[in-house]
Amino acid sequence: MDRILAGTYPDAHCELDFGNPLELLVATILSAQCTDKRVNAVTPRLFAKYPTTEDYAAADRAELEEIIRSTGFFRAKANSIIGMAQSLCERFGGEVPGRLKDLVTLPGVGRKTANVVLGNAFGVPGITVDTHFQRLTRRFGWTAETDPVKIEQDVAGLIPKRDWTMMSHRLIWHGRRMCHARRPACGACPLAVLCPSYGIGPTDPAEAAKLVRPGPFS
DNA sequence: ATCCCGAGGG
DNA sequence: CCCTCTGGAT
């Protein structure tokens, strides 16, 4: 199944716009329960107004909230961003650390967010167990666990380490475009013949094709 | 387990 | 109206 995924999404990648680790960290916090497209709509203004950790740490809460409002959970996200920035200034000299152990100590940064930053801004192989990753690996029979850390351990034993970051992207792309939470497009899925969950969505190709969201397939 | 929260789709 | 969208903290 991993081979087919690799062939279907050869250039899967992080779809959040960013230019440095700090920008990716902020964008990833904003991406909680929100589409990347919407995050990318607000980050240009945000990054221009707050170019450094010091700028976030000293930000006016109301002004920051107004810019990120449309991403949802805006009060909690503003709290996380300001608290995270203050913590970065106090404990890491204003720099984003490149280790999981350090990243997860920041307010608003969990294991998933930390692995996104490591994998895409620092080039460290990371398994990103988000909602898509959890749903697809369970449907595929790669794991039976529900705890994200246990899922990560199961998948780590199945996939070579050098492929961890790309495999995370491919599963996420497939989850976003075809293997949806609600009505997965089983009839259009290239993994169907190998999938233990084939049939939980429409198996008629024409019906399934209607559910496939636009995106690169090669 | 529940809360945070807005926008877009069906 | 309903649901979902690359979570994290309590």
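Quick caveat, the model's predicted, so the values are computed rather than measured. Just so it is clear: chains get the letters A, B, ... in the order the sequence lines come, proteins before strands, and each one is counted from 1.
- Contact check, A/R38 against B/dG6: no side-chain N or O comes under 4.0 Å of OP1 or OP2.
- For C/dT6, the OP1/OP2 oxygens have a side-chain nitrogen or oxygen of A/R176 closer than 4.0 Å.
- With rounding to whole Å, A/L211 atom CG is found 12 Å from B/dG9 atom C1'.
- Residue A/A76 is the one, among A/R183 and A/A76, whose nearest nucleotide of DNA chain B lies closer to the 5' end (criterion: closest heavy atom).
- Residue A/R213 contributes atom CZ, which lies 7 Å from atom P of C/dC5 at whole-angstrom precision.
- Here the side chain of A/R139 pairs no donor or acceptor atom with the backbone of A/S197 at under 3.5 angstrom.
- Counting to the nearest Å, the P atom of B/dA7 and the CD1 atom of A/I68 are 13 Å from each other.
- Note: CG (A/N79) to P (B/dC5) measures 9 Å, nearest angstrom.
- Residue A/K112 is the one, among A/V109 and A/K112, whose nearest nucleotide of DNA chain C lies closer to the 5' end (criterion: closest heavy atom).
- Distance, A/I82 CD1 to C/dA9 P: 16 Å, rounded to whole Å.
- Look at A/T28 and you won't find any side-chain N or O under 4.0 angstrom from OP1 or OP2 of C/dG7.
- Look at A/R177 and A/E15 and you find a salt bridge, because one of the NZ, NE, NH1 or NH2 atoms lies within 4.0 Å of a carboxylate O, short of that distance.
- Note: CZ (A/F74) to C1' (B/dA7) measures 13 Å, nearest angstrom.
- C/dC1 and B/dC4 are spaced 22 Å apart, taking the C1' atom of each and rounding to whole Å.
- The CG atom of A/D130 sits 16 Å away from the P atom of C/dT4 (whole-angstrom rounding).
- Comparing A/H132 and A/V104 against DNA chain C, the residue whose closest nucleotide sits nearer the 5' end is A/H132.
- Counting non-hydrogen atoms under 4.0 angstrom, A/T71 reaches nothing in the nucleic acid.
- Here, C/dT6 and B/dC3 have their P atoms 23 Å apart, quoted to the whole Å.
- The listed nucleotides are C/dC3, B/dA7, C/dT6; the one nearest the side chain of A/S70 is B/dA7.
- Counting heavy-atom neighbours within 6.0 Å of A/R91 CZ, excluding the residue itself, gives a total above 12.
- Side-chain atoms of A/S168 come within 3.5 Å of backbone atoms of A/T128 as a donor-acceptor pair (strictly under, hydrogens ignored).
- Between A/R75 and B/dC5, a side-chain N or O to OP1/OP2 separation shorter than 4.0 Å is present.
- C/dT6 atom P lies 12 Å from atom CG of A/L136, rounded to whole Å.
- For the P atoms, the distance linking B/dA7 with C/dG8 amounts to 22 Å, nearest Å.
- Evaluation of A/F73 against the base of B/dC4 yields a stacking contact (centre distance < 5.5 Å, interplanar angle < 30°).
- Salt bridge annotation for A/E207-A/R183: present, with a cationic side-chain nitrogen under 4.0 angstrom from a carboxylate oxygen.
- Heavy atoms of A/R69 sit under 4.0 angstrom from primed sugar atoms or phosphate atoms, though from no base atom.
- Between atom CG of residue A/L64 and atom CG of residue A/D55 there is a gap of 11.5 Å, rounded to the nearest 0.5 Å.
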